[in-house]
Amino acid sequence: MAELDWHAERSDLQGLAQLDRAPEVEGIDLVAVRTYRQQRVRQKMAEYDVDAVILSDPVNIRYATGTRNMQVFSMRNAPSRYLLLTQNRSILFEFTGCLHLGEGYETVDEVRPSKTASFVAAGPHIAERERAWVAEMADTIHELTGLKDATVGLERLNAGTAIALKEAGLNVVDAQQPVEMARAIKSPEEMKCVIASLRATEIGVGKLREAIRPGLTEAELWSVLHKSIIAQNGDYVETRLLNAGARTNPWFQETSDNVIGPNELIALDTDVVGCHGYYADFSRTFHSGPDRPTDIQRELYKVAYEQVHYNMGILKPGMSFREYADRAWNIPDRYYANRYYLSAHGCGMTGEYPYLYHHGDFPDAGYDGVVEPGMTLCVESYIGEDGAKEGVKLEQQVLITETGIETLSRFPFEAHLLT
């Protein structure tokens with residue numbers, strides 16, 4: 001295998017930015033990051049005539065306040081912690097025994113204990129619990145907004161809770177649009193968090209690449225990335241997308257105990273929620289050795305590489321989503337059936353708005369919009385013939401600038417698969 005010494009002489013990886021370390025050590029003004037993000041949410045709330053939002057998605061709570069607590073648990077047990085945000089007030093309802101975690105943030109005016117309105121917590125008393133939850137929340141919203149019929153954006157709440165809020169006289173709408181539109185544009189200070197997460201993930205992928213050898217299972221190899229990410233104070237990996245050999249085609253087969261054989265392709269999509277909670281999302285495909293990759297393996301890799309770099313080359317600020325779809329690389333017929341479901345997508349604390357679709361999928365799935373400076377996008381490719389043995393997954397994360405793009409993913413491509 002080729003030597004992986006691409007970061008050996010880089011000084012910017014020393015003292016890598018990690019979650020909850022002092023901003024002056026990081027060179028990141030985390031107060032500026034948090035206040036910018038909260039201002040973005042409030043700006044979009046005003047733009048879409050939303051008086052208050054109740055955020056229960058832990059990623060969105062973190063975006064709007066910088067606070068975190070048991071993110072994966074909170075995704076499953078909503079609403080166990082939630083945020084009420086208006087134009088003038090930010091109240092974090094924190095999980096039992098955890099109120100201290102929300103204290104000291106300039107983005108949180110008050111921390112209150114949450115009331116978990118879920119069947120798991122309330123059992124047969126769920127309807128009663130939901131009514132009590134709504135009564136408290138409606139009173140608080142009326143107090144903060146001065147409106148009996150305030151427009152309230154909701155996400156990921158029980159159907160019973162949403163219905164009861166409507167019955168309380170509130171105008172209930174979906175919070176996704178203002179929040180997603182807020183998250184789409186990153187500040188320069190926020191980009192430092194994105195870079196920190198990417199650099200940590202690249203270190204982890206480098207360790208994974210060095211560990212590749214026939215005889216390992218996919219799960220054993222994938223765990224190398226996990227270990228490195230957690231050791232660098234990243235959060236978690238959102239998907240299970242590392243496959244080898246015949247399990248690389250079709251894509252979206254989850255990591256298993258499949259044993260990696262000699263001279264197989266190994267495809268990885270990082271999907272790491274890393275430092276500062278930011279998504280490091282790039283894909284690479286490796287070769288297990290010991291022999292040279294076959295002509296077919298190299299052809300698959302070169303085609304995927306061409307798709308990613310062609311589509312990166314056409315991205316520019318002011319381009320409409322429709323224009324991008326019309327100008328994007330044409331997928332050869334033999335690879336079309338197994339194409340990746342997106343051509344590119346937004347990326348921040350997770351995968352996010354916008355989705356950029358292939359030309360052929362745009363009539364049914366696509367929507368229009370504008371590529372704007374400050375968006376971070378992941379340009380995707382999966383190349384594998386329907387029914388063939390192997391496939392290649394590649395992906396690059398980029399920043400849209402005032403004049404074009406800046407490539408954010410620095411992890412190298414495989415020279416021996418490109419020649």
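Residue numbers run from 1 in the order of the sequence given. Predicted model only: the values in this text are computed from it and were never measured.
The aromatic rings of Tyr353 and Tyr367 sit parallel to each other, their planes meeting at less than 30°, with 60° as the upper class boundary. Using cut-offs of 30° and 60° for the angle between ring planes, the Tyr301 and Phe413 rings count as perpendicular.
Put simply, the side chain of Tyr341 does not reach to within 4.5 Å of the side chain of Glu380, judged on heavy atoms. In this structure, the side chains of Ser80 and Met75 stay at 4.5 Å or more apart for every pair of heavy atoms. Between Leu92 and Ile61 there is a side-chain heavy-atom pair separated by less than 4.5 Å. Taking the side chain as every heavy atom from C-beta outward, Thr376 and Met191 approach each other to under 4.5 Å.
Comment: Lys192 does not engage Glu190 in a salt bridge, judged by the lack of any side-chain N to carboxylate O separation of less than 4.0 angstrom. Ion pairing between a basic and an acidic side chain is recognised when a charged N comes within 4.0 Å of a carboxylate O; Glu352 and Lys186 show such pairing. Remark: Lys44 engages Glu47 in a salt bridge, criterion side-chain N to carboxylate O under 4.0 Å. Salt-bridge formation is not detected for the pair Asp269/Arg240: no Lys NZ or Arg NE/NH1/NH2 atom is positioned less than 4.0 Å from an Asp or Glu carboxylate oxygen. Salt-bridge annotation for Glu306 and Lys302: absent, with no side-chain N of the basic residue lying under 4.0 Å from a carboxylate O of the acidic one.
Put simply, the residue from Leu216, Ile266, Leu265, Leu221 that forms a side-chain contact (heavy atoms from CB on, under 4.5 Å) with Ser288 is Ile266.
When ring centroids are compared, Tyr382 and Tyr335 stay outside the 6.0 Å threshold.
For CD1 of Ile296, the number of neighbouring non-hydrogen atoms (other residues, nucleotides, ligands) closer than 6.0 Å is 12 at most.
In this structure, NE2 on His287 lies 7.5 Å from CG on Asp291, to the nearest 0.5 angstrom.
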